[in-house]
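Order of the sequence lines fixes the chain letters, A, B, ..., with proteins taken first and strands second; residue numbering starts at 1 for each chain.
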Protein chains: 2
Amino acid sequence: MFDMHTGVDAAWDSTDMSGTFARREDAMPAEQAPSHARTRCATCMMRSICMAASLEASEVARLDNVVQSWRSVRQGERLYRAGDPFRSIYAVRVGSFKTVVAPARGKETISGFFMAGDSLGMDGICLETHNCDAIALEDSVVCVIPFHLLEALCREIKPLQRQLHKMLSAEIVRESRQMMLLGSTSAEQRVAAFLLSVSARYRERGYSATSFVLRMTREDIGSFLGVTLETVSRTLSKFQQEGLLTVQGKSIELLNLDALDAR
Amino acid sequence: MFDMHTGVDAAWDSTDMSGTFARREDAMPAEQAPSHARTRCATCMMRSICMAASLEASEVARLDNVVQSWRSVRQGERLYRAGDPFRSIYAVRVGSFKTVVAPARGKETISGFFMAGDSLGMDGICLETHNCDAIALEDSVVCVIPFHLLEALCREIKPLQRQLHKMLSAEIVRESRQMMLLGSTSAEQRVAAFLLSVSARYRERGYSATSFVLRMTREDIGSFLGVTLETVSRTLSKFQQEGLLTVQGKSIELLNLDALDAR
DNA sequence: CGTTATTTTGAGATCCGTCAAGATATGTGG
DNA sequence: CCACATATCTTGACGGATCTCAAAATAACG
């Protein structure tokens, strides 16, 4: 059965970092670095769905100069917290995250899940302060993209500007879909939609769309979907009884995507 | 009691359009136009919460060249529809709108309400196609902002670029809040939060925060909040019985903001 | 291997949706 | 300006989907 760690390791090995997480400029001066080390975005497997999408090689190289560091975040640790000053956005290179919003009153809520290739932190731009916690669901690595540098480059490279705007807009559309899900569907429909969404995102990344491991708990899923963890569990059991899928703890095998979609 | 039309007319009268809705460049050549007509953003009452926020006078003037037309939309008419090609974003100058998302299956949902000073259509950037309908809740006027021109100007004016990014990010945060509301609060809390949100937006615009007219139906509110129109109605009645507010059809008077917030 | 976190499943309670009817508001044409 | 038609809103009664509480089973982890 597919394990997300496989994908993680593959992505990792595609780089030239050889197991070193933190990347320091002084350890790799431009003069000495081999050319493929100067085009790290160019060798990244997530290139096609990341910031570098639709850029030409020379432009990717300039973007590389902006992405000056990586950061590794261990499972359960926070990439940033609500209230932290906003300085950078982050592209998930390896692993996955959840974002948690804690309102003044009321219980905290999962506002999103992010896997390799997704971008995090764009909520911080408007108030120059992050407004949620980003927590690693497994040991992860992100590209750190200082926002003022990215903005400067966007003023020079039109396709990059367009790409940033599309990413921001895509986040708006994604959340608007989630709002609709939360506002007008049954628990069964929410769980089905969630599984299909995860499935589609694995497919986009070249992994199996029918067989995967969920990195988050039932409680996380419930919080994200606006139902209780018991309802998530019961719904998965029901889907299994109906032959729509096989569930074994966090391992999921989807047996009938169309039937799930029909919910 | 406060009537939104009062505000509408005030905003309208602050312009030099003298009742002419459609604005045509040929009717007002730069040479003949008085200087205050060349700085239409500069005289707009919504300037401080719109695209022009934090710009200097000379920059506002350049933005004005991008905002080449207005468009009037009668109550119930659509500013754009889901599937329309995306070309412009819109700033509400007069009136108000709702946006409606119609999923492949399932019933359509109100995804947002927009009043004077708010911007619409940013959801269209990512797929270059609008993904919802924008419907006028009353006779309204919007500034049409061709997006490719705005992008070009953002590459030249750093504060404008920053402002656009903040607006996009603010939309993300707004929707993320709405997701939390839909996912983890009771019907009462949703209605209370909705009223407080409307109240705050009127206050921002210089109107009464405690006395206003809702431009949308109970059904619209219910759809936006993920509850039925009956639940909205019952909740308003209950709040009235408890002395938190007075409700007379669409006219609302909030009597105890703190108690509403405590829900 | 023991401890803790997570998941499953059940039973009862409740919030809210559904259906229905009447009341009020809005708009239209004479 | 009135009368009618239509849209919107209010209120009630009932049922059901989902929550809450509880306990046992399974998995994760040091």
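- For an aromatic pair to be called close, the ring centres must be under 6.0 Å apart, and A:Phe224 with A:Phe113 satisfies this.
- If you take CD of B:Gln240 and C1' of D:dC9, they are 13 Å apart, rounded to a whole angstrom.
- For the OP1/OP2 pair of D:dC19 and a distance below 4.0 Å, the side-chain nitrogens and oxygens of A:Thr228 include at least one atom meeting the criterion.
- Within the 4.0 angstrom heavy-atom criterion, base atoms lie near B:Ser233.
- The nearest whole Å value for the distance from the CZ atom in A:Arg218 to the C1' atom in D:dA25 is 14 Å.
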Margin query: Evaluate A:Asp123 against B:Ser176 for side chain to side chain contact (heavy atoms under 4.5 Å, CB included), listing each step before the verdict.
Written below: CA-CA 9 Å; A:Asp123 51 81; B:Ser176 148; over 6 Å; no

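- The CE atom of A:Met216 sits 15 Å away from the P atom of D:dA28 (whole-angstrom rounding).
- Put simply, A:Lys250 has a side-chain N or O that comes within less than 4.0 Å of OP1 or OP2 on C:dT7.
- Between the CG atom of B:Leu236 and the P atom of D:dT8 there is a distance of 16 Å, given to the nearest Å.
- Donor-acceptor pairing under 3.5 Å, judged by distance alone, is present between the side chain of A:Glu230 and the base of D:dC21.
- Counting non-hydrogen atoms under 4.0 angstrom, A:Val232 reaches nothing in the nucleic acid.
- A:Tyr90 contributes no side-chain N or O that, together with a main-chain N or O of A:Leu79, makes up a donor-acceptor pair within less than 3.5 Å.
- The separation between B:Asp220 atom CG and D:dC9 atom P is 8 Å, rounded to whole Å.
- Here C:dT26 presents its P atom at 17 Å from CD of B:Glu219, a figure rounded to the nearest Å.
- Comparing A:Gly249 and A:Ala187 along DNA chain D, the residue whose closest nucleotide (by nearest heavy atom) sits nearer the 5' end is A:Ala187.
- Ion pairing between a basic and an acidic side chain is recognised when a charged N comes within 4.0 Å of a carboxylate O; A:Glu204 and A:Arg201 show no such pairing.
- An OP1 or OP2 oxygen of C:dG17 is reached within less than 4.0 angstrom by a side-chain nitrogen or oxygen of B:Thr231.
- Heavy atoms of B:Leu229 sit under 4.0 angstrom from at least one base atom.
- Listed pair B:Gln248 / C:dA25 meets the phosphate criterion, a side-chain N or O lying under 4.0 Å from OP1 or OP2.
- No contact: A:Gly222 has no heavy atom under 4.0 Å from any strand.
- Computed from coordinates, the B:Arg215 CZ to D:dA7 C1' distance equals 16 Å when rounded to whole Å.
- By the 4.5 Å heavy-atom criterion applied to side chains, A:Ser199 and A:Phe212 are counted as neighbours.
- In this structure, A:Arg234 atom CZ and C:dT8 atom P are separated by 11 Å, rounded to whole Å.
- Of the listed nucleotides (C:dG17, D:dT18, D:dT11), D:dT11 has the atom at the smallest distance from the side chain of B:Ser237.
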